[in-house]
Amino acid sequence: MEKEVVIKAENVIKKFGERTILNGISLEVYRGDTFVIMGGSGCGKSTFLRHITGALKPDSGKIYLLGKDLTRVSDDEMDALKKKIGMCFQSAALFDSMTVGENVSLPLREHTKLERGVIDIVVKMKLELVGLRGFEDLMPSQLSGGMRKRVGLARAIAMDPEIVFYDEPTAGLDPIVAGVIDKLILDLSKKLSITSIVVTHDMKSVFSIADRVAMLYEGKVLEVGTSDEIKRSNNPSVQQFISGSPDGPIRFFQQKDDYLEHLIR
Amino acid sequence: MPIRLENKNNLTVCHIDGEIDINSSPGIKKAFDKLIAKKEPKVVVNFSKVSYVDSSGLATLVEVLKNMRTYGGRLRLTNLSPKIKSLFEITKLEKLFDIVAEEEEAISTFM
């Protein structure tokens, strides 16, 4: 059976001033997949994420989200699309002045006509899914980093999104908590049939959660394929990234010949 | 309103048509609120025309059950598609609700 494409990028180019951040990215994400976008710092992966969620528009190229061309959607269409996606941010982005329950219920209070009693039940159901039922009345400051991320995840799935975007979900977490978050992403994807897009540079995460992987480097897709295909890739840059070697085709410093001239300019 | 009420054998059968989601749940809740205000003792909800239930739909049903229990009312769900039945299982709600395969059986055995 042919898989349904829920996100499609066609030759996406974005420049910030003189710098080309995205240099012709094309890829497809299938419904129900956990799709990982990996790459080093500054490779353009977070900028690309902001394009496929509609936060930024490309200079050229096309992006289709759930069949809608994001370069041409009206504000109303974008609002409707936003209700179908959930965002899980690197910092969890919780409101510190609100309780855990209020944070999770925020999208429901803002975007629906559901009554309080029903919303409270949805919140309990979502917190149960992330293993935090009973924590409704705590403040974010009373939680650990991993728990805050789980609250962020509960909020991201509050509206039953079709797609959840995760920006560096395991950054700053110890390996065990990172593993818990990875397992949660997998469980939620399979149980709730959610398509997950995960931006990360955590190689352990990549291979434990990904159905398919795209590796970005200097604003381009270096390789895209299943986890196994990426692991077996002959591309030296991909292998360098997987092994974490400082030596190889990927340059970690922008070496320029005009250094001395630049100093005395 | 995608909800039709029918009286059969001294109980109320609710036929819901379409999706029970964020958009339709508030209206469906209001229809149930009227039955609850009358302290309807036995309610059967027929899901044969329900194509999809989201979290807000499940939460609405939980709230209805909760409110009915306050006066000793009972709620029974019937004709769930395999997809919707598995949703109740995933969310562990199949143990909370009284789920019966067919409407006829749900009515005839509702003592």
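So that the names make sense, note that chain A is the first sequence line, chain B the second, and so on, each numbered from 1.
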Worksheet item: Can you tell me how far the CG atom of B/Asp54 sits from the CG atom of A/Leu192, to the nearest 0.5 Å?
Response: 11.5 Å

Fill in: More than 12 heavy atoms of other groups within 6.0 Å of B/Lys49 NZ
no

Item to complete: Working to the nearest 0.5 Å, report the span between NZ of A/Lys83 and CG of B/Asn23.
Response: 7.0 Å

Discussion item. If you count heavy atoms of other groups shown closer than 6.0 angstrom to CZ of A/Arg50, is the number above 12?
Written reply: no

Worksheet entry | Contact origin within A/Lys124 toward chain B - heavy atom pairs under 4.5 Å | neither

Discussion item. A quick test of your reading: do over 12 heavy atoms of other residues, nucleotides or ligands sit less than 6.0 Å from CG of A/Asp75?
Written reply: no

Worksheet item: Taking atom CD of B/Glu104 as the centre, does the number of heavy atoms from other residues, nucleotides or ligands within less than 6.0 Å exceed 12?
Response: no

Discussion item. How long is the straight-line distance from CG of A/Asp187 back to CD1 of B/Ile90, given to the nearest 0.5 Å?
Written reply: 11.0 Å

Worksheet item: With a 4.5 Å limit on heavy-atom distance, are the side chains of A/Glu115 and B/Pro26 in contact?
Response: no

Worksheet item: Considering residues, nucleotides and ligands other than A/Lys190, do more than 12 of their heavy atoms fall under 6.0 Å from its NZ?
Response: yes

Discussion item. Heavy-atom cut-off 4.5 Å, strictly under: side chain, backbone, both or neither for A/Leu108 against chain B?
Written reply: side chain

Worksheet entry | Spacing of B/Ser56 atom OG and A/Asp160 atom CG [to the nearest 0.5 Å] | 7.0 Å

Worksheet item: Which heavy atom of B/Ser55 sits nearest a heavy atom of A/Met125, and at what distance?
Response: O-CE, 3.9 Å

Practice prompt. Please round to the nearest 0.5 Å and tell me the distance separating atom CG of A/Leu114 and atom CD of B/Glu63.
Written response: 11.0 Å

Practice prompt. Drop me the distance from A/Glu128's CD to B/Thr91's OG1, to the nearest 0.5 angstrom.
Written response: 10.0 Å

Worksheet entry | A/Asp228 atom CG, neighbour heavy-atom count above 12 within 6.0 Å | yes

Item to complete: Please say whether more than 12 non-hydrogen atoms of neighbouring residues, nucleotides or ligands are located less than 6.0 Å from NZ in A/Lys113.
Response: no

